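Note that this is a predicted model, so its numbers are computed, not measured. Read the numbers this way: they start at 1 and go in the same order the structure lists the ligands and their atoms.
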Amino acid sequence: MSRKYLIAGNWKMNKTPADGADLAKEIAHFVGKDEAAEVVVCPTAVALDRVAHVIEGTAVKLGAQNLYPKASGAYTGEISAEMLRAVFAKYVILGHSERREYFGETDAFVNEKVRFSLECSLNPILCIGETLEQREAGETLEVVKTQLLGGLEGVEEANMPKVVIAYEPVWAIGTGKTATPEMAQEVHAAIRSLLAEKYGVGTAERVRILYGGSMKPANATELLAQKDIDGGLIGGASLEGKSFCDLIAAARSAD
Ligand code: 13P
């Protein structure tokens, strides 16, 4: 497969800068300069700078968990793309279901952020996924389609290789319930065909689609073996060095 596996840790609202630096040290030590799989850590905003220093000189990359789609100004509590770039962030998670649920983020707002991040040379990780209610009502593919196309509105084909999609079924996040590899693959394949319809097969084949939702070393190999699963966006299992490094190892040996 020509797509490089990507393992991204979403630390969410966990780890002080000091604890984050310790975790990053463990990951940086494990990864070194090995680029067989791409590795990204996404600490909280206050830990970004410190983690950036820890991973400097290694293949581990830095991601943020959010940004505000304006250059600068009176937006109390928000963080700009320029600030993220200044601490050497390369990626930014956008449209996570927790932000959609607790902070009312809409597809239109997520789309603004996706376009803004691309303008500012940050690679967006666009999160999409259905709730349990929606899955049980048979609405999964419809929901995923609306969020995907809504999030990518106005994004040009030339920018698509920089975009990462994360399929995160909301019912699998932090619950210990994982989508079976077949369930996940079905949605990943549907996402790729939507991308192919919009951007052409060649471009769709280059876009990485991550799975997220209770991914851990015990289920990673099977998930990563699916044709359209190109890595993971990991919450709980990214907070501990051993389990995150085991996930990186699983991605290195996946094909
Ligand atoms: P968990 O791995 O804890 O289920 O979280 C997944 C997630 O939301 C990553 O963004």
Side-chain angles (χ1 to χ4, degrees), residues 5-15 19-20 23-24 27 37-45 47-48 51 60-67 89-103 105 110 113-114 117 122-132 134-135 140 143-144 147-148 151 163-181 183-184 187-188 191 208-224 226 229-251:
Y5 282 100
L6 196 167
I7 296 292
N10 175 6
W11 295 0
K12 306 191 180 182
M13 199 173 72
N14 295 291
K15 306 280 177 196
D19 291 342
L23 175 58
I27 297 164
E38 193 172 355
V39 178
V40 178
V41 290
C42 306
T44 61
L48 281 168
V51 169
V60 181
K61 292 176 184 152
L62 191 65
Q65 298 178 16
N66 192 21
L67 60 64
K90 275 202 68 118
Y91 286 90
V92 57
I93 297 171
L94 297 174
H96 193 282
S97 63
E98 287 148 16
R99 296 214 58 87
R100 293 176 190 262
E101 183 183 351
Y102 306 129
F103 305 98
E105 293 199 4
V110 173
K113 295 183 180 195
V114 169
S117 67
L122 283 167
N123 300 345
I125 301 176
L126 169 61
C127 302
I128 57 179
E130 82 288 0
T131 62
L132 183 59
Q134 291 164 332
R135 175 160 281 267
T140 299
V143 169
V144 161
Q147 292 180 346
L148 180 75
V163 175
V164 174
I165 307 295
Y167 168 58
E168 301 205 308
V170 178
W171 49 271
I173 296 177
T175 58
K177 287 187 199 148
T178 325
T180 62
M183 277 160 94
V187 181
H188 281 235
I191 292 169
R208 287 173 301 179
I209 307 172
L210 313 183
Y211 170 79
S214 298
M215 192 166 175
K216 46 186 180 281
N219 58 28
T221 302
E222 255 195 307
L223 284 161
L224 295 173
Q226 302 300 310
I229 301 185
D230 307 314
L233 181 55
I234 294 119
S238 75
L239 296 176
E240 199 248 317
K242 166 92 172 78
S243 51
F244 192 63
C245 293
D246 284 351
L247 285 163
I248 297 166

Query - Nitrogen or oxygen of Asn10 less than 3.5 angstrom from that of ligand 1 - result: yes

Report task. Determine whether any heavy atom of Ser214 lies closer than 4.0 Å to an atom of ligand 1. Result -> yes

**Report entry** Proximal ligand 1 atoms for Glu168, defined as those under 4.0 Å from one of its heavy atoms
**Finding:** 6 (C), 7 (C), 8 (O), 9 (C), 10 (O)

Report task. Indicate yes or no for a side-chain donor-acceptor contact from Arg100 to the backbone of Val110 under 3.5 Å, with no hydrogens or angles considered. Result -> no

Report summary line: For atom 5 (O) of ligand 1, the closest protein heavy atom turns out to be Lys12 NZ, 3.3 Å

Query raised in the report: Counting from 1, what ligand 1 atoms have a heavy atom of Gly174 closer than 4.0 Å?
Result: 1 (P), 3 (O), 4 (O)

Report task. Would you list the pairs meeting side-chain hydrogen bond (donor to acceptor under 3.5 Å, both in side chains) in which at least one residue belongs to residues 211-224, sequence neighbours left out? Result -> Thr178-Asn219

Query raised in the report: Which of the atoms of ligand 1 are close to Gly236, meaning less than 4.0 Å from one of its heavy atoms?
Result: 1 (P), 2 (O), 3 (O)

**Report entry** Derivation and outcome, side chain to side chain contact (heavy atoms under 4.5 Å, CB included), residues Phe244 and Leu23
**Finding:** CA-CA 10 Å; Phe244 192 63; Leu23 175 58; 5.7 Å; no

Query raised in the report: Going through the checks in order, is the side chain to side chain contact (heavy atoms under 4.5 Å, CB included) test met by Arg135 and Met183?
Result: CA-CA 11 Å; Arg135 175 160 281 267; Met183 277 160 94; 3.5 Å; yes

Requested in this report: For the pair Val60 and Val41, evaluate side chain to side chain contact (heavy atoms under 4.5 Å, CB included) and give the outcome as yes or no after the intermediate values.
Outcome: CA-CA 7 Å; Val60 181; Val41 290; 4.1 Å; yes

Requested in this report: Using only heavy-atom distances, determine whether the side chains of Gln65 and His96 contain a donor-acceptor pair under 3.5 Å.
Outcome: no

Requested in this report: List every atom of ligand 1 that sits less than 4.0 Å from any heavy atom of Gly213, numbering the atoms from 1 in the order shown and giving each element.
Outcome: 4 (O), 6 (C)

Query raised in the report: Would you say Ala166 contacts ligand 1, with heavy atoms under 4.0 Å as the rule?
Result: no

Query raised in the report: Do Asp230 and Val164 pass the side chain to side chain contact (heavy atoms under 4.5 Å, CB included) test, and can you show the C-alpha distance, the side-chain angles, and the key distance before you say yes or no?
Result: CA-CA 10 Å; Asp230 307 314; Val164 174; over 6 Å; no

Query - Ligand-side contact atoms (ligand 1) for residue partner Gly235, heavy atom cut-off under 4.0 Å - result: 1 (P), 2 (O), 3 (O), 5 (O), 6 (C), 9 (C)

Report summary line: Applying ring pair (Phe, Tyr, Trp, His ring centres under 6.0 Å) to His188 and not counting sequence neighbours gives Tyr167

Query raised in the report: Which ligand 1 atoms are under 4.0 Å away from a heavy-atom of Ala172?
Result: 4 (O)

Requested in this report: Would you check the N or O atoms of His96, main chain and side chain alike, for any that come under 3.5 Å of an N or O of ligand 1?
Outcome: yes

